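Written out below as structure tokens is the structure these notes cover.
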Amino acid sequence: MPDAVRRGGIILESGADCLGICSLLDMPLGKAQMPIDHTAFENFQLPRNTAIFEPTFCGIGVVRSDDIRADPRYGKSAPYHGMPPGHLPVVSYLAVPVVSRSGEVYGGLFFGHDQPGVFTAEAEQLVISIAAHAAIGIDNSQLLKAAEREVIERRQAERVAQQLASIVESSEDAILSMDLGGVITSWNAGAGRLYGYTSNEAIGRPVSFLIPEDRLGEELEILTQIRAGERVDHFETMRRCKHGGLVPVSLRISPLRDDAGAIIGASKIARDISERKRAEEQKDLLVREMAHRVKNLFMVLSSVVALSARSANTADELATGVRARLESLARAHALPLPTPGNPGATEAHVTLKELLGTLLSP
């Protein structure tokens, strides 16, 4: 190894406006070492991206000068226009860029000597070889880090996927996925409970086997919306179970996409709304019954008023007659009902004569 190279300080730069000193090497000479006084670099200012350093920073090529002070690019950059105060003396200068396989400039190897004409063509080729090996080492290090990040990200993605799969599998709702042809590709336990089929019985079959014949058109419309990238929310319909019966469900259907964003299928979430439907039917029945009873009540009141008006000459007499007839109706209504003292009493203990007598008592 040429003596000049042994005496040079090596600086590895990460690229930007300033250099970063990575290491200053004591090159071996046989069994002995020629020491470098590292304290000489303690106040060494980081070089800036000046015209002298530009070929190295930009990866343009090697700069080798017998006397860098004679270079036309030297001393052209403010504020120092030459060596900064306290800088080590540099006359002979050799700089080789460290460039990755992809062309990215990692930095450079910089050598200086206080005597002119020190760095030879042989020294230049040696440093070029060192820079090439440095670039390979950095490339390999970055590839290793990228591989480690990929492994970590993949493991994280697998954990997230496992958590999502666990959530889907434990959901009370029926969740299935299908391809764009309507063939079932996944089936959770909730779907088994709702429809009665195991995953082995359902996966691979067209989803149409769950749909009543008079509703097959719904699925064609749903697939059309999915292919267009649209979601279907809270679509209420009927689905057929394994035992042959129908169950009311509320569906939510969303497109499934691959890593490139292309739509490859759909996910379906079905919720059994049987209880809600029964509650709605009971509510409707009660509302209809209440409307019927209110209507009857108004008819009775209308009749009471009409009957009372026949024998009333004044408003007071009308009011008295209506009140008396309403009280008679109330007593007649209470006659067939059980009483706290006689809970076993039923309408069988009340005769028609008693009811008529009570109703006509006014």
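None of these values were measured; they are calculated from a predicted model.
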Within the structure provided, determine whether [X] and [Y] are in side-chain contact (heavy-atom separation under 4.5 Å).
X: L210; Y: R205; result: no
X: H234; Y: R252; result: yes
X: E218; Y: E221; result: no
X: N296; Y: H292; result: yes
X: I52; Y: Y74; result: yes
X: I226; Y: I263; result: yes
X: R239; Y: L194; result: no

### Task
Quick one: sort the Y93 and F110 rings into parallel, tilted or perpendicular, breaks at 30° and 60°.
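If you compare the ring of Y93 with that of F110, the planes turn out tilted.
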### Query
How are the rings of W187 and Y195 set relative to one another: parallel (under 30°), tilted (30 to 60°) or perpendicular (over 60°)?
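If you compare the ring of W187 with that of Y195, the planes turn out tilted.
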### T237: which of I222, L246, L251 passes side chain to side chain contact (heavy atoms under 4.5 Å, CB included)
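So the option named by the test is L251.
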### Task
Let me know which of V99, V98, L143 forms a side chain to side chain contact (heavy atoms under 4.5 Å, CB included) with I138.
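When V99, V98, L143 are each tested with I138, the side chain to side chain contact (heavy atoms under 4.5 Å, CB included) holds only for V98.
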Atom pair [atom1] ([X]) and [atom2] ([Y]), whose distance is rounded to the nearest 0.5 Å:
X: T120; Y: D66; atom1: OG1; atom2: CG; answer: 10.0 Å
X: K283; Y: L285; atom1: NZ; atom2: CG; answer: 12.5 Å
X: M238; Y: R215; atom1: CE; atom2: CZ; answer: 6.5 Å
X: E104; Y: S102; atom1: CD; atom2: OG; answer: 5.5 Å
X: E219; Y: L223; atom1: CD; atom2: CG; answer: 5.0 Å
X: K277; Y: E236; atom1: NZ; atom2: CD; answer: 4.5 Å

Salt bridge [X]-[Y], side-chain N to carboxylate O under 4.0 Å:
X: E289; Y: R293; result: yes
X: E201; Y: K242; result: yes
X: R154; Y: E150; result: yes
X: E275; Y: R278; result: yes

Do [X] side-chain atoms and [Y] backbone N/O form a donor-acceptor pair below 3.5 Å?
X: S129; Y: Q125; result: no
X: S208; Y: I211; result: no
X: S141; Y: G137; result: no
X: T185; Y: S177; result: yes
X: N188; Y: I175; result: yes

### Task
Answer yes if the side chains of S274 and D272 hold a donor-acceptor pair under 3.5 Å, and no otherwise.
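D272 and S274 do have a side-chain donor-acceptor pair below 3.5 Å.
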### Message
If you compare all heavy atoms of A202 against all heavy atoms of Y197, which two are closest, and at what distance to 0.1 Å?
### Response
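Looking at all heavy atoms of both residues, the closest pair is CB-CB, 4.5 Å.
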#### Entry: Which atom of R101 lies closest to which atom of D139, heavy atoms considered
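So the minimum-distance heavy-atom pair works out to N-OD2, 3.1 Å.
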